[in-house]
Amino acid sequence: MAKQFWKPGNMLYPVPAVLVTCKRQGEKPNIFTVAWTGTVCTNPAMVSISVRKERHSYGIIRQTGEFVLNLTTKQLAWATDYCGVRSGKQVDKFAKTKLTPCRSQTVDCPGIAESPVNIECKVTERKPLGSHDLFLAKVTGVRVDEDLLDQKGSLQLNRSGLIVYAHGAYFELGKQLGTFGFSVKKKTKIRK
């Protein structure tokens with residue numbers, strides 16, 4: 001079967017759907033949805049988000065150089081969609097979605113209390129790309145729900161019901177297929 005041509009911007013799915021919070025001094029904080037985001041470095045810990053220049057939050061982040069990535073769950077699916085289709089110019093998204101702002105430790109914008117993980121970020125570079133600008137940011141703080149930590153303090157994020165976005169739809173992550181390195185792990189013999 002021959003492969004058909006498809007638009008390049010629509011090929012790499014699924015992607016994380018995150019709620020990004022930002023705040024300009026003297027204004028209410030805003031929330032918007034970003035699906036083009038990811039980890040770009042572990043040491044130092046860095047992330048990226050790609051944002052259209054027309055977005056209300058673009059100007060806030062460009063001016064302040066700060067934002068918080070808030071991971072989303074199935075319980076946050078409605079708010080995730082709403083914050084991606086409504087502008088913060090016209091509506092207070094915290095009020096409309098009934099989400100709770102929580103204080104950040106290293107940036108002057110709040111996280112979202114209902115999110116299992118809040119990742120506080122300071123922009124290190126803005127790179128114009130075309131339809132979007134890429135913001136590279138250093139992770140300066142992380143807040144994690146204590147309910148997702150096991151007795152050893154290890155994060156069990158798979159218990160949170162994370163969601164992803166693919167071709168216009170949201171999906172809850174499903175069944176685990178393996179763990180890192182399972183393809184090369186030696187099988188242990190079972191003693192009888």
Side-chain angles (χ1 to χ4, degrees), residues 13-24 27-40 45-123 132-148 155 157-173:
Y13 282 107
V15 291
V18 299
L19 290 170
V20 176
T21 47
C22 55
K23 183 181 185 300
R24 189 178 291 148
E27 296 179 3
K28 290 182 179 185
N30 192 41
I31 310 169
F32 72 114
T33 304
V34 172
W36 293 355
T37 183
T39 301
V40 294
M46 294 185 71
V47 296
S48 69
I49 59 172
S50 291
V51 184
R52 287 186 179 272
K53 295 176 189 94
E54 301 84 25
R55 301 284 302 258
H56 173 62
S57 295
Y58 172 89
I60 297 171
I61 294 172
R62 184 157 180 199
Q63 179 184 355
T64 64
E66 299 180 338
F67 61 90
V68 178
L69 286 177
N70 303 275
L71 300 189
T72 55
T73 63
K74 61 184 176 182
Q75 290 82 8
L76 294 170
W78 184 89
T80 302
D81 185 65
Y82 183 86
C83 290
V85 297
R86 291 290 183 244
S87 173
K89 286 182 184 178
Q90 287 89 25
V91 66
D92 178 346
K93 294 183 194 177
F94 271 104
K96 182 65 179 176
T97 59
K98 296 181 174 59
L99 293 175
T100 311
C102 63
R103 184 181 171 122
S104 295
Q105 300 296 313
T106 65
V107 294
D108 291 325
C109 53
I112 297 171
E114 291 81 2
S115 172
V117 177
N118 311 113
I119 304 169
E120 300 172 17
C121 304
K122 292 192 179 184
V123 175
H132 291 67
D133 278 7
L134 177 75
F135 290 94
L136 290 171
K138 185 174 181 180
V139 173
T140 57
V142 178
R143 185 196 66 82
V144 176
D145 267 355
E146 288 183 13
D147 292 345
L148 295 176
L155 181 61
L157 196 53
N158 54 333
R159 296 191 321 222
S160 68
L162 291 176
I163 61 173
V164 295
Y165 179 81
H167 295 286
Y170 300 94
F171 298 91
E172 180 181 4
L173 292 179

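Residues: numbered from 1 along the sequence shown.
- More than 12 heavy atoms of other shown residues, nucleotides or ligands fall within 6.0 angstrom of atom CD in Glu27.
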Quick one, Phe94 with Lys28, criterion side-chain contact (heavy atoms from CB on, under 4.5 Å). Give me CA distance, side-chain angles, the key distance, then yes/no. CA-CA 9 Å; Phe94 271 104; Lys28 290 182 179 185; over 6 Å; no

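- Considering CZ of Arg55 and NZ of Lys89, their distance stands at 11.5 Å, rounded to 0.5 Å.
- The shortest non-hydrogen separation linking Val34 to Ser50 is CG1-O, 4.1 Å.
- Residues Thr33 and Asp81 form no side-chain contact, since every pair of their non-hydrogen atoms from C-beta on lies 4.5 Å or further apart.
- For the side-chain hydrogen bond (donor to acceptor under 3.5 Å, both in side chains) test, residues two or more places apart in sequence or in another chain that qualify with Thr21 are Asn70.
- Between Leu99 and Ile31 there is a side-chain heavy-atom pair separated by less than 4.5 Å.
- Nearest heavy atom pair, residue Asp145 against residue Ala113, reads OD1-O, 4.5 Å.
- Under 4.0 Å is where a charged nitrogen must lie from a carboxylate oxygen, and between Lys53 and Asp133 at least one such pair does.
- Separating the OG1 atom in Thr37 from the CD1 atom in Ile49 is a distance of 6.5 Å, to the nearest 0.5 Å.
- Minimum heavy-atom separation, Arg52 to Tyr58: O-CB, 3.4 Å.
- Taking the side chain as every heavy atom from C-beta outward, Ile163 and Tyr165 never approach each other to under 4.5 Å.
- A heavy-atom distance below 4.5 Å is found between the side chains of Leu71 and Val18.
- Atoms OG1 and CZ, from Thr97 and Arg86 in turn, are 13.0 Å apart once rounded to the nearest 0.5 Å.
- Between Ser57 and Val51 there is no side-chain heavy-atom pair separated by less than 4.5 Å.
- Take Val107 and apply the side chain to side chain contact (heavy atoms under 4.5 Å, CB included) test, not counting sequence neighbours, and it matches Glu66, Val68, Ser104, Cys109, Glu120, Lys122, Thr140.
- Distance check, rounded to the nearest 0.5 Å: NE2 of His56 to CZ of Arg24 gives 6.5 Å.
- In this structure, Met46 CE and Thr39 OG1 are separated by 11.0 Å, a value rounded to the nearest 0.5 Å.
- In this structure the side chain of Phe32 reaches within 4.5 angstrom of the side chain of Lys93, judged on heavy atoms.
- Considering all non-hydrogen atoms of both residues, Leu76 and Ser115 come closest at CD1-CA, 3.9 Å.
- Across all non-hydrogen atoms, the minimal contact from Leu148 to Arg159 is CA-NH2, 3.4 Å.
- In this structure the side chain of Phe67 reaches within 4.5 angstrom of the side chain of Val123, judged on heavy atoms.
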Could you walk me through whether Asp108 and Thr64 pass the side-chain contact (heavy atoms from CB on, under 4.5 Å) test, one step at a time? CA-CA 9 Å; Asp108 291 325; Thr64 64; over 6 Å; no

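- The heavy-atom pair separating Ile61 from Cys22 by the smallest distance is CG1-CB, 3.9 Å.
- One distance of note links CZ of Arg143 with OG1 of Thr106; it measures 13.0 Å at 0.5 Å rounding.
- Residues Leu173 and Val164 have side chains in contact (heavy-atom distance under 4.5 Å, counting atoms from C-beta outward).
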